[in-house]
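Please read the structure below before turning to the comments.
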Amino acid sequence: MNAPLKVLLVGANGTLGSAVRTALRERGHEVVTASRKGADVYVDITDPESVRAMYDAAGPVDAVASAAGSVPWRPLSELSTADVREGLEGKAVSQVELVRQGAPRLPAHASFTLVTGILAREPLLTGSVAALANGAVEAFVRAAAIELPGRQRINAVSPTVFTESLDAYGDAFAGFDPVPVARAANAYVKSVEGHRTGEVFRVE
């Protein structure tokens, strides 16, 4: 195993974030959690000033892992311009901001791991904004990988629906094979501890 790292985990309290926190700590890493509530550090990732304050409060870190982001789910015919902007801000622009502000602060060996989802490649009814935001994050990851300073790396984890979330989302994902959230958490471990960059780790 690599030497222990200090990882800033954004969105640490949800189903995915909790699993990532457990997986990283089991690997011996120090995890600093960030969220709107119940975390080591407060952050609203849609607010650039809050992101700046989060980095100030967290101090030096070796890696940033994001399990955060929200989008509105509505039929295309009912979407407003505000809905589209909300989805892009909530999942794409917010995660870009984590990298934009984090890159100058983090050391040359640092890594970023962002989150997308299966809707970037398999559409669902009412999921057009989610597909848009996920696709934007994945495109950004590929492009940012060739511009990050030093030896910094960036990847994304793109899971399908989790077994643990079937009660809440199962009807929307009819016919999809669910995966245990621990599998997605392992993809974060792969990104944080590995050497690959500019990749989207699909978990399906």
Side-chain angles (χ1 to χ4, degrees), residues 7-21 32-55 57-58 64-103 112-144 154-162 164-165 168-169 172-173 176 181 184-185 187-188 191 200-203:
V7 183
L8 177 59
L9 175 58
V10 182
N13 294 327
T15 301
L16 176 58
S18 297
V20 173
R21 182 178 69 241
V32 178
T33 60
S35 185
R36 292 190 183 189
K37 58 183 180 180
D40 299 320
V41 178
Y42 172 85
V43 68
D44 173 359
I45 62 171
T46 65
D47 178 358
E49 282 303 308
S50 182
V51 171
R52 179 196 58 75
M54 174 196 69
Y55 277 119
V64 175
S66 173
S70 62
V71 296
W73 289 69
R74 291 188 179 87
L76 181 62
S77 61
E78 297 177 11
L79 283 177
S80 66
T81 301
D83 290 329
V84 176
R85 287 175 175 161
E86 177 188 341
L88 286 172
E89 288 282 348
K91 192 160 190 182
V93 176
S94 56
Q95 292 195 92
V96 171
E97 192 67 13
L98 292 175
V99 179
R100 189 189 73 79
Q101 291 199 38
F112 297 89
T113 307
L114 308 185
V115 64
T116 68
I118 196 170
L119 267 68
R121 53 195 178 276
E122 294 205 30
L124 288 177
L125 290 175
T126 75
S128 59
V129 176
L132 171 66
N134 287 341
V137 173
E138 293 185 6
F140 171 74
V141 163
R142 290 188 289 269
I154 183 170
N155 298 297
V157 174
S158 180
T160 186
V161 65
F162 300 130
E164 293 84 352
S165 301
Y169 302 110
F173 287 87
F176 285 68
V181 69
Y188 278 80
S191 179
V200 177
F201 297 122
R202 297 182 178 185
V203 184

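What you are looking at is a predicted structure, and each value in this text was computed from that prediction instead of being measured.
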Within the structure provided, determine whether [X] and [Y] are in side-chain contact (heavy-atom separation under 4.5 Å).
X: Glu97; Y: Ile45; answer: no
X: Val157; Y: Val203; answer: yes
X: Ser50; Y: Tyr42; answer: yes
X: Ile118; Y: Val161; answer: no
X: Val99; Y: Phe140; answer: yes
X: Val51; Y: Arg100; answer: no
X: Val41; Y: Thr33; answer: no
X: Trp73; Y: Leu125; answer: no

Do we see a donor-acceptor contact under 3.5 Å between the side chains of [X] and [Y]?
X: Ser158; Y: Arg121; answer: yes
X: Asn155; Y: Thr113; answer: no
X: Lys37; Y: Asn13; answer: no
X: Ser66; Y: Gln95; answer: yes
X: Thr116; Y: Asn134; answer: no

Review point. Do the side chain of Arg21 and the main chain of Ala12 share a donor and acceptor less than 3.5 angstrom apart?
Key: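 A pair under 3.5 Å: yes.
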About how many Å separate [atom2] of [Y] and [atom1] of [X], when rounded to the nearest 0.5 Å?
X: Leu132; Y: Leu119; atom1: CG; atom2: CG; value: 11.5 Å
X: Asp44; Y: Glu49; atom1: CG; atom2: CD; value: 12.0 Å
X: Phe173; Y: Thr160; atom1: CZ; atom2: OG1; value: 6.0 Å
X: Arg85; Y: Ser80; atom1: CZ; atom2: OG; value: 9.5 Å
X: Leu8; Y: Tyr55; atom1: CG; atom2: OH; value: 6.0 Å
X: Asp83; Y: Leu88; atom1: CG; atom2: CG; value: 11.0 Å

Of all heavy-atom pairs between [X] and [Y], which one has the smallest distance, and what is that distance?
X: Ala39; Y: Ser35; answer: CB-N, 3.5 Å
X: Gln101; Y: Pro48; answer: NE2-O, 2.9 Å
X: Ala92; Y: Val137; answer: CA-CG2, 3.7 Å

Review point. With Ser94, which residues qualify under side-chain hydrogen bond (donor to acceptor under 3.5 Å, both in side chains), at least two apart?
Key: none
